[in-house]
**Q** 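Structure below; questions to follow.
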Amino acid sequence: MLKKILSFCLILTPFLSSAQKQTTFTHADTLRGAITPERVWWDLTYYHLRVTPNAKDSTISGSTIINYKVLEPKQVIQVDLQEPLQIEKVIQDGQTLTYKRDGNAFFITLSKKQEKGKSESIEVFYSGRPRLAKRPPWDGGVQWVPDGKGNTIISTSCQGLGSSVWWPCKDHMYDEPDSMMVSITVPKAMTDVSNGKLRSVVENNDGTHTFNWAVVNPINNYGVNMNVAPYVSWSEIYKGEKGDLPVSFYVYPENLEKAKVQFDQANKMLKAFEHWFGPYPFYEDGYKLVEVPYLGMEHQSSVTYGNGYKMGYLGRDLSKTGWGLKWDFIIIHESGHEWFANNITYKDAADMWIHESFTNYSENLYTEFYFGKEAGADYVIGTRALIANDIPIIGTYNVNQEGSRDMYYKGGNMLHTIRQVVNDDEKWRQILRGLNKTFYHQTVETKQIEDYVNKNTGRDISKIFDQYLRDTQIPVLEYSFKGNSVQYRWVNVIAGFDMPVKIKLADGKNQFVYPTTDWKTLKTKGEKTLTVDRNFYVESKSV
Ligand SMILES: [Zn+2]
């Protein structure tokens, strides 16, 4: 934990600053973060995860069936499972296989000859006492919380850390199964809520029952979750862009009345985000909001919620403008990830800004949708106080290492700035919707997002991405009045930075100027003050 910052969907509460992040990497980091030779040859198609948690001793046991297609025939397959969990056996076609453990990676030797294009399956049986989540969702694992009534509430969270903290899987984000079944066996007094739709509940003759949840869309591995509690629930149909979306809510019995009021915001969220980003990406799996003992996480189609039925972030406004208290941060932010994180998913943790910058930005767009454009702008500008500019937003590739937590507020402000450069709100909205359509259910790299935005804005904005994602300096517009003109240029920028910016001379009209790192001149009518439009995340200085 001290060696490596674990990622987190939610911000603030930093234990360590980004600057303390790991800069040297180990063999284990590469096994976790690279598309290794033992991963690349097979394409994941399906998981069936079966788990029985045992609250008495905080252990779990179960298996994962992994179906895959052979892309290139190889005989050794990598499956990940983190210590202290143990693999008990691995089976293919009824045969027990041998394997070698290298830390959290298992290299399993397949006896059956693997043939290109064939679909194959292995089943990995495992058990043990998984890492306890001490402060979820930031340091993930499995959380066991007695409810004072003889029950134990169980939840999982594992972003960054990886889903192999609680189940055997291909623990790399580049490859997702096309579908998945999650089967969780719990005492009869308890309900499990996982991803997708509840296909069946099977009553067992040992005082337990098994919840079978079917996910029919690709799912990223940290999005998979298990939530066990004596839930009460209700369901609705949301009439959305793609028709009827089943929406369900699962809460603790004592919170039912509060939840019925607070969770109406999920409907408002769907309305606003379908407007900005296009249809909710998982109609077939439904949308669920599920109460948990920790703050929350963007678990796909079962967004988890622990914001205490407060507005803002645990009752606080991150923007300090007042707008952040108009809505429940966890409902809005975590659900925003259904579009950016679950629909469009990074291939490598270094590109985590694709999840967090757009989702942070979604808070601004939600505010705008309900309270107007200036309110949205106030909100995103208000969050600038939280930007550190310590290290670049893009992290280190192939070692499961995300970049600066500036991926939240600075990333949101970068997108808000790019919107100003595009200077056409409808075009910008179509770009946001187009991203979700073009990269629907895909894992992507930063370059694909940059290329798409470049192509669809009709303007090369690579230097803007470079400046804000790959550098820590904030552009400064230097200007100097001389007679009936003003000279201006960018400083504190990368080479070739050429972002247009909107300025106002004295109390005249807003106008675009096109600075570069060389001085340029603008004729004036004798004005002696210049202000830069506050929507651009830049600074300015008279010299
Ligand atoms: Zn997030």
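Read the numbers this way: they start at 1 and go in the same order the structure lists the ligands and their atoms. One is the number of the first residue; the rest follow in order along the sequence.
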**Q** Using the side-chain contact (heavy atoms from CB on, under 4.5 Å) definition, which of the options His333, Glu338, His337 pairs with Glu298?
**A**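 Running side-chain contact (heavy atoms from CB on, under 4.5 Å) over His333, Glu338, His337 with Glu298 returns exactly one hit, His337.
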**Q** Please report whether the ring centroid of Tyr309 lies less than 6.0 Å from that of Phe263.
**A** yes
**Q** In Glu356, the N, O or S atom nearest to the Zn ion (ligand 1) is which?
**A**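 Atom name returned: OE1.
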**Q** Verify the ring-centre separation between Tyr366 and Trp323: is it less than 6.0 angstrom?
**A**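 Not close enough - the centres of the two rings lie 6.0 Å or further apart.
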**Q** Closest to the Zn ion (ligand 1), which N/O/S atom of His333 is it?
**A** NE2
**Q** Check whether any N, O or S atom of Glu334, backbone or side chain, sits closer than 2.8 Å to the Zn ion (ligand 1).
**A** no
**Q** For His299 together with Tyr222, are the ring centres under 6.0 Å from each other?
**A** no
